[in-house]
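Okay, so here's the structure we're looking at.
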Amino acid sequence: MRLYRYVGPAHLAEQAQSQIPRCQPGSPEELSAWLTAEGYALPVTLTYVVTADRRLRVSDRNSEHVACARGEPVRAAGEIGFRNSSGKPVVDFLTNQSTGYCPEPSCFAAAAEALVEAGFAAPPGFSHEFIFRRCPTCRGISIVKEADFECASCGSALPLGWNFDDTSRAV
Ligand SMILES: [Zn+2]
């Protein structure tokens with residue numbers, strides 16, 4: 001499994017130090033207690049990351065993944081939905097939508113593993129798979145739609161392979 005480092009805009013990286021509420025649930029009951037304490041009701045959509053030590057961590061859906069991860073590299077990141085099933089939160093949907101980490105769809109394996117470790121049933125796959133590429137020309141982050149590997153900003157061709165593994169940063 002790959003470790004994804006933060007690749008998003010530098011001004012958002014500053015949020016790595018922000019003290020937002022986060023939960024690293026060890027069980028559905030722990031998540032349920034945190035949701036109640038933070039004033040959420042099911043169904044709820046949250047931001048999630050899978051930490052380097054393979055733990056699921058969630059925070060408010062409007063928080064940046066880099067804040068949820070405290071700026072550290074992650075094994076997976078995206079959005080997660082929980083719904084109510086007999087008083088317990090169960091996973092409703094899961095994606096890899098994170099423009100901060102731009103993880104590949106294959107990070108699903110890490111997300112599923114962390115969910116199961118925390119006592120949740122993992123879905124069979126991402127509800128929606130996002131394909132991210134760094135534009136080689138304008139350096140922007142593009143989401144590939146309908147297998148059209150073209151930068152939405154400048155029209156340049158995007159590489160077919162995931163390309164956030166270099167050391168260059170967004171401008
Ligand atoms: Zn471009």
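Indexing begins at 1, ligand by ligand and atom by atom, following the structure's order. Residue numbers start at 1 and run along the sequence shown.
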Practice task
Any side chain to side chain donor-acceptor pair (under 3.5 Å) involving residues 93-111? Give me the pairs, sequence neighbours left out, ordered by first then second residue.
Solution key: Arg2-Glu104, Tyr4-Glu104, His65-Ser98
With a 3.5 Å cut-off and sequence neighbours excluded, list the donor-acceptor pairs that the side chains of residues 34-41 form with protein atoms.
unit_1, atom_1, unit_2, atom_2, d
Thr36, OG1, Ser32, O, 3.0
Tyr40, OH, Asp60, OD1, 2.7

Exercise for the section: Can you check the number of protein N/O/S atoms within less than 2.8 Å of the Zn ion (ligand 1)? Expected result: 4
Practice task
Take the angle between the ring planes of Phe132 and Phe130 and call it parallel below 30°, perpendicular above 60°, tilted in between.
Solution key: parallel
Handout entry: Shortest non-hydrogen contact from Val50 toward Ala111
Key = CG2-CA, 3.8 Å
Handout entry: Any donor-acceptor pair under 3.5 Å from Arg134 side chain to Val7 backbone
Key = yes
Exercise for the section: Under the side-chain contact (heavy atoms from CB on, under 4.5 Å) rule, collect the residues that match up with Ser127, sequence neighbours excluded. Expected result: Phe93
